[in-house]
Amino acid sequence: MRIAIFSDTFYPELSGVSDSIISLAKELAKCGHEIRFYAPRYSKRNYEKAGLAPEEITLGKNISIVRLFSVPYPTGTGQGRLVIPSPFILWNVKKFNPDVIHTQLFFGAGLEALWSAKILKKPLIGTNHTAIKEFIKYSPLRGKWASNMILRYVNWYYDKCDLITAPSRSVVDEMKFYGFTKESHVISNPVDTQTFVPLPNKNWLRKKFGFGDYTIIHAGRLSGERKIEVIINAVSIVKKEFPKTELAIAGRGSAEKELKSLAAMLGIQSSVKFIGFLDKSTLAEAYNASEIFIITSTSDTQSMVMMQAMAAGLPVIGVKARALPEYINNKNGILVEPDDSEALAKKIIFLFKNPRKRKILGDGARKFAFNFSSESIAKAWEKIYERAASKAAR
């Protein structure tokens, strides 16, 4: 099959969406499918923010990329781009002649997908990765009128798709609450269980990163909705009982300066290490050099970094918000209430005091992550694509 994937966020932007659709494409390409991405064109500065050379990524046989004209758009990473739709893209899509068009988001690239599908009479599948109410909080457009407008627009957009998917039930339920009625499915984003694995010689990895025996790790975009300050406050509490506790934070974003200031104000700046953006193999090593992965975001619709940490065999502590309770259970981690640093600190201390429990949860996390391997998720998508193409042909 030929599959056109439109996404408003893509490499080099630091994004779970980008990671997941690239992993999916690689797996589909292995099965002989031809994938073409339509994604924003990023500036040299956007690459530099991620610590990457300003050159196109090579994804291998059967995968091509078409870059769309875009302008800067404010996001937590400082890399956001807004695609400006152009009629010329339609000719490229027509020449590619996809069997199905898959849209990942609902901005400019999403509109290109919508128009191409309607004009070329191709089946259109939509995936919503976004917690709409949380997105509105951090949108440049504020106020009740803006919220209503965005909610109506999102439902209007996905109503134009033949069917929609989301990585968690919480996203689908929110859409239905605001009036969405079409066919929907919950399909997890794929997890790279080949790169993210438990590694031997953890002592060597600790030395490589300069981590101690009581290192907690968090990874992802450093922005307000991820509530990373809750983790830093919890660490200041944990250090009273475990003075050698350290927090490693991988990633970049607009909140970095503020988070560093908080650590300094609490007097723990030497124990909070901002290790920047890491490629996947290095991030897998950093996970293996740590003891616990923590996520306090109230906006995640799945969290790829959390799933990758699970695949690496780390126990997880997360908050009871959005999609996290759909993926964290008593066999792979612990849930606490959002914004409660004291409750989080208690659970960290509990796991530090119980290495056997950490091991049991870490093993459970690895086993759980295999349910969402790239291979199994690609097979699920193959069925959806084939069904959509067959229905369109009829």
Side-chain angles (χ1 to χ4, degrees), residues 191 196-203 205-206 209-220 226-251 263 266 268 270-273 275 283-298 300 303 305-321 323-370:
V191 182
F196 293 92
V197 295
L199 299 172
N201 202 350
K202 294 182 183 295
N203 288 332
L205 289 171
R206 289 192 186 100
F209 290 97
F211 291 177
D213 293 337
Y214 297 98
T215 298
I216 301 157
I217 192 166
H218 173 81
R226 300 189 65 81
K227 306 290 183 74
I228 302 169
E229 69 278 3
V230 177
I231 308 176
I232 295 175
N233 283 319
V235 168
S236 70
I237 298 171
V238 174
K239 283 183 69 66
K240 294 173 184 177
E241 191 157 349
F242 287 87
K244 293 184 179 180
T245 299
E246 294 177 333
L247 170 62
I249 301 176
L266 294 171
I268 60 170
S270 62
S271 300
V272 180
K273 300 179 178 180
I275 56 179
L283 180 59
E285 290 182 336
Y287 283 155
N288 275 271
S290 308
E291 298 300 318
I292 305 167
F293 179 88
I294 297 181
I295 180 166
T296 46
S297 170
T298 56
D300 275 56
S303 177
V305 289
M306 178 185 75
M307 300 303 295
Q308 291 164 349
M310 286 187 180
L314 275 186
V316 171
I317 303 178
V319 296
K320 299 175 184 177
L324 299 186
E326 296 180 44
Y327 289 94
I328 302 173
N329 57 56
N330 59 13
K331 293 183 179 180
N332 61 31
I334 298 173
L335 286 164
V336 298
E337 294 297 327
D339 303 313
D340 192 337
S341 295
E342 290 189 6
L344 176 58
K346 287 179 181 178
K347 297 304 180 183
I348 295 170
I349 291 169
F350 169 75
L351 288 182
F352 278 168
K353 287 182 175 179
N354 294 274
R356 177 169 169 74
K357 184 65 173 178
R358 291 205 308 271
K359 178 71 166 58
I360 291 171
L361 292 176
D363 290 344
R366 172 67 177 169
K367 185 177 180 180
F368 179 77
F370 259 98

Step-by-step side-chain contact (heavy atoms from CB on, under 4.5 Å) determination, K353 to F242: CA-CA 10 Å; K353 287 182 175 179; F242 287 87; 3.7 Å; yes
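- Salt bridge annotation for E291-R206: present, with a cationic side-chain nitrogen under 4.0 angstrom from a carboxylate oxygen.
- A perpendicular orientation is assigned to the rings of Y214 and F352, their planes being inclined by more than 60° (bins at 30° and 60°).
- Atom CD1 in I292 sits 14.0 Å away from atom OH in Y287 (nearest 0.5 Å).
- Pairing each heavy atom of A234 with each of A345, the nearest pair is O-CB, 3.7 Å.
- The ring pair (Phe, Tyr, Trp, His ring centres under 6.0 Å) contacts involving residues 323-343 comprise Y327-F372, where partners must be two or more places apart or lie in separate chains.
- Residue F211 comes nearest to T215 through the heavy atom pair CB-OG1, 3.4 Å, listed as atom of the first residue, atom of the second, then distance.
- Residues L361 and I334 have side chains in contact (heavy-atom distance under 4.5 Å, counting atoms from C-beta outward).
- Separating the CG atom in L344 from the CD1 atom in I349 is a distance of 10.0 Å, to the nearest 0.5 Å.
- When all heavy atoms of I328 and G318 are compared, the closest pair comes out as CD1-CA, 3.7 Å.
- Not one N or O on the side chain of N233 forms a donor-acceptor pair closer than 3.5 Å with the backbone of V230.
- Within a 6.0 Å sphere centred on NZ of K202, heavy atoms belonging to other residues, nucleotides or ligands number more than 12.
- Atoms OG and CG, on S290 and L205 in that order, are 9.5 Å from each other to the nearest 0.5 Å.
- When side chains are defined from C-beta on, V305 does not count as touching H218, because their heavy atoms never get closer than 4.5 Å.
- Note on K227 versus D339: salt bridge recorded, some NZ/NE/NH1/NH2 to OD/OE distance being below 4.0 Å.
- The CG atom of L351 sits 7.0 Å away from atom CZ of R358, with the distance rounded to the nearest 0.5 Å.
- With Q308 contributing its side chain and F196 its backbone, the two residues share no donor-acceptor pair below 3.5 Å.
- Ion pairing of D363 with K367 is absent here, as no side-chain N (NZ or NE/NH1/NH2) approaches a carboxylate O to less than 4.0 Å.
- Of all the heavy atoms in R366 and G313, the pair that sits closest is CB-CA, 4.3 Å.
- A distance of 12.0 Å separates OG of S271 from NZ of K244, quoted to the nearest 0.5 Å.
- D300 has its side chain within reach of R226: a pair of non-hydrogen atoms, C-beta onward, lies under 4.5 Å apart.
- K273 NZ: more than 12 foreign heavy atoms inside a 6.0 Å radius.
- With hydrogens and angles ignored, the 3.5 Å screen pairs no side-chain donor or acceptor of N354 with any backbone N or O of K357.
- When side chains are defined from C-beta on, I217 counts as touching L314, because their heavy atoms get closer than 4.5 Å.
- With contacts defined as side-chain heavy-atom distances shorter than 4.5 Å, the pair V316/N332 does not qualify.
- Taking the side chain as every heavy atom from C-beta outward, M306 and L324 approach each other to under 4.5 Å.
- Here the closest heavy-atom approach between residue A311 and residue P198 is recorded as O-CD, 3.6 Å.
- Side-chain atoms of N288 come within 3.5 Å of backbone atoms of L199 as a donor-acceptor pair (strictly under, hydrogens ignored).
- Counting all heavy atoms, side chain and backbone alike, A250 lies closest to L283 at CB-CD1, 4.2 Å.
- When side chains are defined from C-beta on, I294 counts as touching I348, because their heavy atoms get closer than 4.5 Å.
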